[in-house]
Engineer: 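This is the structure, below, for whatever I ask next.
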Number of protein chains: 2
Amino acid sequence: MVSGRGGGGGGPGGRTAQARPRQSDIARAAGVSQTTVSLVLGGNKAGVVLAEDTKRRVLEAAESLGYAPDPVATRLASARNDMLGLFTFSATFPTEVAHSYYPVLVGVEEEAAALGQDLILFTGSSGAASRAADPAAVRRVRVADGCLFFGRHVPTEQIERLARDGYPFVYIGRRDELGERVPYVGADYVPASAEVVRRLADLGHRRVRYVRENDDAPASADRERGVLAGARECGIDTDGLVVRTDGSDITAERVRAWRAEGVTALVTEETDTAAALSALTGAVEAAGLDCPRDVSLAVLGDPPASGSAFAHISGFTVPRREMGRRAVRLLVELVTGDPGLPAPPLQQLVPCEPVPGRTIGPAPSPAP
Amino acid sequence: MVSGRGGGGGGPGGRTAQARPRQSDIARAAGVSQTTVSLVLGGNKAGVVLAEDTKRRVLEAAESLGYAPDPVATRLASARNDMLGLFTFSATFPTEVAHSYYPVLVGVEEEAAALGQDLILFTGSSGAASRAADPAAVRRVRVADGCLFFGRHVPTEQIERLARDGYPFVYIGRRDELGERVPYVGADYVPASAEVVRRLADLGHRRVRYVRENDDAPASADRERGVLAGARECGIDTDGLVVRTDGSDITAERVRAWRAEGVTALVTEETDTAAALSALTGAVEAAGLDCPRDVSLAVLGDPPASGSAFAHISGFTVPRREMGRRAVRLLVELVTGDPGLPAPPLQQLVPCEPVPGRTIGPAPSPAP
DNA sequence: CTGAAAGCGCTTACAG
DNA sequence: CTGAAAGCGCTTACAG
């Protein structure tokens with residue numbers, strides 16, 4: 001048996017901890033049974049009729065004792081506790097990608113609060129020791145009714161285990177590798193990317209370079225798909241259009257050479273590392289080119305920091321906040337969903353918002 | 001009775017949930033009792049001696065059944081749950097003050113992960129309806145072993161109730177109003193503020209204006225205290241030194257008048273609203289003054305955004321991340337602390353880091 | 001060395 | 001309208 005209540009703990013003042021009140025304490029105070037307390041406080045889903053006076057006494061006792069239900073017990077007994085998990089696959093909150101992470105969190109938090117859900121933050125690995133591979137890490141999420149997953153390095157096997165057990169979860173970000181029944185909320189990169197190319201075409205650009213990273217992320221694949229689709233639609237040369245890079249080989253010379261070939265617009269993508277983006281902007285600057293006078297420049301996704309020289313770069317923004325919101329909404333639907341009812345769309349894409357910016361302009365004469 | 005296993009739930013795929021194996025299933029398979037299974041799998045903290053053969057049989061059965069312990073039940077049965085709460089007194093995560101909030105969260109999350117604690121995020125009010133005054137809102141935190149409080153508008157009464165019950169909590173940010181036994185981790189504004197004044201004095205400045213907000217926050221009081229102490233120490237005129245404002249009355253004319261009076265340096269403070277800071281920087285710009293050529297400028301606390309014209313403003317940074325870390329450490333000490341052992345320092349101040357910046361320079365001639 | 005039993009704090013049929 | 005009882009899946013003294 002466990003020693004249980006009244007034990008140490010030593011609260012803030014070093015004072016002896018007072019045990020939290022439970023339903024049985026309320027029952028004693030109100031002179032009713034613990035069952036009745038549960039009925040009164042638990043929302044009374046079964047529609048049981050209770051005497052007004054009983055209700056009042058129970059509520060008063062609960063109030064004066066400062067009662068708060070134990071969500072762990074609630075969940076063990078009922079399979080619900082109105083808590084949602086948010087699991088990130090990194091040792092800590094990504095400091096580097098603060099700009100991309102925070103808005104998601106804001107959206108998640110907003111919608112969770114709106115839906116009366118608390119949020120439990122889990123991290124992939126605890127301390128330096130255990131890696132994200134630790135199976136126990138992912139398993140912990142089961143304390144919540146359902147969980148949001150967010151991040152690059154996904155322990156597929158662990159997640160599949162959860163899926164097999166019917167545990168509700170939603171990915172933030174598109175996932176290919178897990179099949180078509182895996183719920184996610186992603187950004188709709190394809191049309192947004194095509195639209196950027198279309199804008200360039202409308203301004204007279206015919207030769208473009210799309211500088212993307214060597215990355216297999218669905219986001220990168222989608223953007224390339226959109227760029228190619230837009231190019232084909234608008235009669236932009238797709239030959240040599242896509243350039244893969246780790247950043248190191250995008251130099252001022254290369255950019256000048258493109259200009260000499262008649263390239264008038266450059267497009268790149270935003271990622272965690274910003275390798276392609278910073279290499280390209282650096283090369284454009286080093287080449288002494290002005291945007292959009294000498295060459296137009298666009299980025300697929302948000303620029304890295306508002307402080308940089310390219311703070312007003314054209315392109316589109318990723319609807320991170322809305323993705324967070326939608327992911328929560330979907331997760332709650334999965335958690336509360338009646339198995340008989342039609343399921344909500346499991347895989348959702350949120351439109352990206354075009355950013356006019358100041359780095360796109362009419363195509364200059366083909367050769368400088 | 002609850003329907004329990006195998007029930008609906010309808011996981012991500014809407015597939016029927018498969019019942020997870022539990023200790024009793026393993027027990028049956030291995031021909032031992034459920035207690036023994038718990039002993040074998042549960043780390044065996046009590047140091048009970050078990051037959052090797054029994055262990056092996058249990059482990060094999062667990063493996064072949066794909067057993068994963070139910071963290072909910074584990075936590076209910078053991079006294080602690082290794083969850084820490086983080087309660088913020090605002091409807092949602094502060095979007096405006098993302099820059100000041102996020103680093104704290106990073107620190108909290110880092111240290112919590114390092115100490116094997118999960119994090120529950122609570123917000124003061126859920127949705128638009130309930131205000132932070134809602135007693136139930138604060139009460140919810142009791143589900144965690146202890147809680148961090150963060151934000152300006154603090155429902156003192158609710159917190160005192162927690163304190164009385166011996167519930168462990170720690171404030172992030174200094175708190176005067178709650179007495180000397182209230183645990184907090186704050187920024188050490190006084191010496192950092194004095195140091196900024198000292199730097200100005202060393203550069204020859206003798207007449208200074210400190211433009212602060214009309215705010216009773218401990219942070220504001222501390223900064224003023226530090227400014228005054230530094231001024232007295234360095235022989236800077238304290239007469240008219242401190243200027244309180246809501247932002248509206250800091251104009252280009254006023255700044256020019258100060259210059260005419262011989263003021264060569266301006267100091268302001270960072271707050272949630274940034275009212276004083278943005279008013280002052282706006283007025284300096286409008287007055288056509290260059291920093292530090294015409295006037296030196298410093299801010300007590302971080303500048304608002306890296307993108308602004310004053311991204312390189314001199315002053316100091318608030319050690320938000322370290323505050324988050326320390327707060328978690330203190331809280332865990334309070335939660336796990338042996339009441340017999342000496343308590344850790346309940347009120348801790350973390351040093352601020354000086355930021356050289358580019359807006360402080362030698363004092364120009366007293367009159368322009 | 002192992003098992004029967006109580007208990008963690010709830011929910012939910014079921015019987016008064 | 002209310003209460004006694006079983007149960008969620010574990011942990012932990014305690015008794016063999």
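Below, chains carry the letters A, B, ... as their sequence lines are ordered, and counting in each starts from 1.
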Engineer: Consider the side chain of A:T54, meaning its heavy atoms from C-beta on, and name the nucleotide among D:dC1, C:dC8, C:dT12 that approaches it most closely.
Structural biologist: D:dC1
Engineer: Report the residues that fulfil ring-ring contact (aromatic ring centres under 6.0 Å, His included) with A:Y184, sequence neighbours left out, ordered by chain and then residue number.
Structural biologist: none
Engineer: What nucleotide among D:dG3, C:dC8, C:dC10 has an atom nearest to a side-chain atom of A:S33?
Structural biologist: D:dG3
Engineer: Name the stems that DNA chain C belongs to, where each is three or more consecutive Watson-Crick or G-U pairs with both distances under 3.5 Å?
Structural biologist: C:1-3 with D:14-16, C:5-12 with D:5-12, C:14-16 with D:1-3
Engineer: Can you check the A:D82 CG to C:dT11 P distance for me, whole Å?
Structural biologist: 11 Å
Engineer: Assign A:V72 to base, sugar-phosphate, or nothing according to its heavy-atom contacts below 4.0 angstrom with the strands shown.
Structural biologist: nothing
Engineer: Among residues at least two apart in sequence or on other chains, which ones pass side chain to side chain donor-acceptor pair (under 3.5 Å) with A:E60?
Structural biologist: A:R56
Engineer: Nearest nucleotide by nearest heavy atom, which residue falls closer to the 5' end of DNA chain C, B:K55 or B:L76?
Structural biologist: B:K55
Engineer: So which nucleotide from D:dG3, C:dG9, C:dA4 ends up closest to the side chain of A:V32?
Structural biologist: D:dG3
Engineer: Between P on C:dC8 and CG on A:D25, what's the gap in Å once rounded to a whole number?
Structural biologist: 11 Å
Engineer: Taking only the side-chain heavy atoms of B:D70 (C-beta and beyond), determine which of D:dG9, C:dG9, C:dA4 contains the nearest atom.
Structural biologist: D:dG9
Engineer: What pairs with A:Y67 under ring-ring contact (aromatic ring centres under 6.0 Å, His included), at least two apart in sequence or on another chain?
Structural biologist: none
Engineer: For C:dC8, take OP1 and OP2 only and decide whether either is under 4.0 Å from a side-chain N or O of A:R22.
Structural biologist: yes
Engineer: As a test of reading the structure: which of C:dG3, C:dC8, D:dT12 is closest to the side chain of B:S38, going by heavy atoms?
Structural biologist: D:dT12
Engineer: If you check the A:T36 side chain, which of D:dT2, C:dC1, D:dT12 turns out closest?
Structural biologist: D:dT2
Engineer: Both B:G31 and A:Q23 contact DNA chain C. Taking the nearest nucleotide for each, which residue is further toward the 5' end?
Structural biologist: B:G31
Engineer: How many Å lie between CG on A:L39 and C1' on C:dC10, as a whole number?
Structural biologist: 13 Å
Engineer: Can you list everything that forms a side chain to side chain donor-acceptor pair (under 3.5 Å) with A:S33? Sequence neighbours excluded, please.
Structural biologist: A:T36
Engineer: Less than 4.0 angstrom between a side-chain N/O of B:T74 and OP1 or OP2 of D:dC10, yes or no?
Structural biologist: no
Engineer: Return yes if some donor-acceptor pair links the side-chain N/O of A:Q23 with the main-chain N/O of A:T35 below 3.5 Å, else return no.
Structural biologist: no
Engineer: Between A:D145 and A:R75 (salt bridge meaning N to carboxylate O under 4.0 Å), is one present in this structure?
Structural biologist: yes
Engineer: How many Å lie between CG on B:L41 and P on D:dG9, as a whole number?
Structural biologist: 16 Å
Engineer: Does B:T35 contact C:dA5 through a side-chain donor or acceptor facing the base, at a distance under 3.5 Å?
Structural biologist: yes
Engineer: On the nucleotide D:dC10, are OP1 or OP2 found under 4.0 Å from the side-chain N or O atoms that B:Y67 carries?
Structural biologist: yes
Engineer: In whole angstrom, what separates B:Q34's CD from D:dT12's C1'?
Structural biologist: 11 Å
Engineer: Listed by chain and number, what are the side-chain contact (heavy atoms from CB on, under 4.5 Å) partners of A:R57, not counting sequence neighbours?
Structural biologist: A:A30, A:V32, A:D53
Engineer: Rounded to the Å, how far apart are A:R142 CZ and D:dC8 C1'?
Structural biologist: 14 Å
Engineer: According to the interplanar angle, ranging from 0 to 90°, do the rings of B:F149 and B:Y171 count as parallel (below 30°), tilted (30 to 60°) or perpendicular (above 60°)?
Structural biologist: tilted
